[in-house]
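In the text below, chain A, chain B and the rest are named by the order of the sequence lines, each starting its count at 1.
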Amino acid sequence: MSSHFTPPQPVENDIRNFGRWFEDRLPIASFIGDHLGKYPTPRNLNYMWNFGSLAGIALILQIITGLFLAMHYKGDIHLAFDSVQTIMRDIEWGWVIRNMHMVGASFFFIVVYIHIGRGLYFGSYKSPREVLWGLGIVIFLLMMATAFMGYVLPWGQMSYWGATVITNLLSVIPFVGPDIVIWLWGGYSVGDPTLSRFYAIHFVLPFVIVGVVILHIWALHLHKSNNPLGIDLKKADDYIPFHPYYTIKDIFGLGVYLIPFTFMVFFAPDYLGHPDNYIPANPLVTPAHIVPEWYFLPFYAILRAIPIKELGVLAMFGSILILFVLPWLDRSPVRSARFRPLYKQLFWLFVVNFLILGWVGAKPAEGMYVTIAQICTALYFGFFALLPVLAKVEKPRPLPATL
Amino acid sequence: MIRMMMVGLALLAPAAWAGEGAALPHKDWGFEGVRATWDKDELYRGYTVATQVCMACHSFKYVSHRDLMRVGFTESEVQTLAKALNMDMNAKLKTGMDDATAKETFGKVPPDLSLMNRARPGGADYTYALMHGYSDDSATIVKYLPGGVPQGAYFNTYYPGHAIAMANPLSGPGLVTYHDGKEATVDQMAHDVSVFMQWTAEPERMDRQAWGVYVLIYLFIFTVLAYLTKRVIWKDVKKH
Ligand code: HEM
């Protein structure tokens, strides 16, 4: 071991050449240069590869707008609802900040769903990127926790009842479930202690996400990005430096993203929300339909599809956790769906099925809707069950040797 | 473009939250569309109905007289209006009825109206329809409420469940006298108060839309320039 060790080299001590001087002491500029500027990127990436950097920008926007909201928001059940109205009415630009945060959460999920779909289609989860993929699922889970608690903060009817329904799910845990729920609430129902702790957690989780994002990018930069062909690129000229090629492409992508985002912020801020959340929380009045935010609907549909509560909860969490083992379920050595005729069809079936789950998740759990949800839940898990078999029966199209 | 996007959104609109009440007729409101504005006279009339009729029972706790200055009322106008109600111009518009009395009289406390148009699917369309939804016609009532109207409630076509604890507040024409001499028909009052409630629900609406146009134009130019720059930079990259 010690033979690999090189003792620290002497460096100049001339502070007048400040850049050099600082770099010799903390090489942060070259670190950023290597990982942003010079990062070797496959030259054949398509626009599906824009969504990673978009997700990063969406996260930063949430943190900035969240910070400004936090300066005026009050995490107390008697003040929370009114404090949001103060932000909307009396704080300069408060309505822009809040609309950006509200619409931003939805758009963050749109971006991340597409980002995950991209990985699914082009086989980006396969070796050697399993850990990179797993970290992505961790980010997704943390985002869901963050958004769920964020939605409780305005303390409207859906905040209150959504929180009640979802936290109650944990009561199915054998023996300790009910105690865990009481511990989580800080009382015998969702109340002031719940709101204060959700606020604290909602504030801190995004920074945890930033940490996991750094690991995610670290893992990415070790083996470099996958590409639409899904083949390993071995030639140096298959790669181009991130800057300026992908910086400008990402800036263009950002513009395309910001147009519908801005449209929603300024012209339809409530479109993705629920009117009931403008009614102050009232523990005595249950809304006719309790629906979570749209980005939870597919998983909510899986939860309600199964009449046995315990199994429903398991299926709901399982539907996300199963993504962790996807790299081992899919045995095909070919990454990109472009060369996998059967997988490609299955993928699109999975996407359509997922959208139907989202649609049925917003419907009351009765009659036809339950049946549809059950079929779609079976298909959802069926996709994963089929993957090991698929690798055996599918004949992949020949892979190009190089770009 | 904005109108097209709006129509697109409307077509996509999740029907999930309609339900319960009857389908709402849509009215063309002055605060909607490309030429959207707050009409000061309309708001003034709506304010008159709101303060002289609705505020007997309801509050508008998020707005004060001073807020009216944001939509073109002068300070002296606002001062006069507040004084006529024996109110300070900075005080929120709260009803004189206390919760206990309300509960005794109606069985429930009338909800605050300032956010109402955001808290119901349909917004102003809902409020307007609700004001027109009362009926004594037994055939209509039986259609919606085969068991009859419960004690202490009133039939309303558009209220979810059709039995509302509020008696028809706009029971006949001429309940108020308008500043501009307009005839206070039931329809006029229903229209004006719905517009006023839209304003109390989202006073930022016009600022929002005005800024939105500029931001969208800016972003559009930004995106086109970014695209052209991207083309130039990528010119030398080998196609695969
Ligand atoms: C992963 C990033 C984040 C997501 C997905 C997210 C999501 C949300 C959501 C869905 C809401 C409810 C919006 C509403 O209906 O009003 C919310 C509210 C809020 N968030 Fe966040 N948030 C994020 C980051 C942050 C951060 C970093 C902070 C503070 C530094 C913050 C502070 C707040 C505050 C104060 C509210 C309550 C005000 C309001 O409801 O408008 N958020 N968040």
Side-chain angles (χ1 to χ4, degrees), chain A residues 43-44 81-82 85-86 88-90 94-96 99 156-157 227-229 237-238 240 244-245 247-280 288-289 291 294 297 359 361-364 400 402-403, chain B residues 1-2 5-6 9-10 12-17 19-20 61-63 67 111-112 114-123 126 160-161 201-205 207-216 218-234 236-240:
Chain A
R43 66 177 157 84
N44 64 333
F81 190 91
D82 286 351
Q85 284 309 309
T86 304
M88 292 298 286
R89 291 159 193 267
D90 301 332
W95 55 268
V96 182
N99 287 358
Q157 273 290 69
N227 67 84
L229 297 181
D237 78 342
D238 288 343
I240 48 180
Y245 297 105
T247 30
I248 187 63
K249 196 176 176 184
D250 283 345
I251 288 171
F252 168 55
L254 177 65
V256 173
Y257 167 77
L258 285 179
I259 289 171
F261 173 73
T262 303
F263 179 81
M264 299 291 285
V265 166
F266 289 93
F267 295 95
D270 291 335
Y271 177 74
L272 292 167
H274 195 296
D276 275 13
N277 228 27
Y278 284 109
I279 305 171
H289 302 296
V291 276
W294 70 266
L297 290 175
W359 167 78
K363 301 286 178 194
T402 138
L403 287 191
Chain B
M1 180 171 80
I2 287 165
M5 283 168 135
M6 282 300 218
L9 281 185
L12 283 168
W17 308 312
E20 284 100 37
K61 68 171 176 183
Y62 293 121
V63 291
D67 291 332
D112 186 88
S114 26
L115 260 178
M116 186 56 74
N117 278 14
R118 267 187 136 155
R120 294 289 180 279
Y126 173 72
E202 43 175 5
E204 80 284 4
R205 186 182 174 107
D207 295 344
R208 200 157 50 63
Q209 300 187 350
W211 277 101
V213 172
Y214 290 117
V215 180
L216 277 178
Y218 172 84
L219 280 175
F220 192 73
I221 297 170
F222 170 88
T223 308
V224 170
L225 290 179
Y227 178 67
L228 295 176
T229 316
K230 191 238 155 203
R231 289 251 313 240
V232 172
I233 289 177
W234 277 72
D236 56 342
V237 176
K238 225 175 12 168
K239 289 279 168 297
H240 37 92

- Query: So does Tyr227(B) have more than 12 non-hydrogen atoms from other groups sitting under 6.0 Å from OH?
  - Reply: no

- Task: Measure the shortest side-chain to side-chain distance between Asp276(A) and His289(A) over non-hydrogen atoms and say whether it is less than 4.5 angstrom.
- Result: no

- Message: Is Phe222(B) in contact with chain A via its backbone, its side chain, both, or neither, using a 4.5 Å heavy-atom distance?
- Response: side chain

- Should Arg120(B) and Ile279(A) count as side-chain neighbours, where that means a heavy-atom distance under 4.5 Å? yes

- Under 4.5 Å heavy-atom distance to chain B, tell me which part of Asp237(A) shows up: side chain, backbone, both or neither. side chain

- Engaged part of Val96(A) at the chain B interface, taking heavy atoms whose separation is under 4.5 Å: neither

- Is the shortest heavy-atom distance from the side chain of Trp234(B) to the side chain of Ile248(A) under 4.5 Å? yes

- Query: For Asn117(B), is it the side chain, the backbone, both or neither that has a heavy atom under 4.5 Å from a heavy atom of chain A?
  - Reply: neither

- Message: At a 4.5 Å cut-off on heavy atoms, which part of Ile240(A) comes close to chain B: side chain, backbone, both, or neither?
- Response: side chain

- Against chain A, label Ala210(B) side chain, backbone, both or neither, depending on which of its atoms sit under 4.5 Å from a heavy atom there. neither

- With Ile233(B), the side chain to side chain contact (heavy atoms under 4.5 Å, CB included) member among Val237(B), Thr229(B), Asp236(B): Thr229(B)

- Message: Between Lys249(A), Gln85(A), Met88(A), who has the most heavy-atom pairs with chain B when the cutoff is under 4.5 Å?
- Response: Gln85(A)

- Sort Asp207(B) into side chain, backbone, both or neither according to what part of it lies under 4.5 angstrom from a heavy atom of chain A. both

- Task: Please tell me if the side chains of Leu216(B) and Phe267(A) come closer than 4.5 Å, counting only heavy atoms from C-beta onward.
- Result: yes

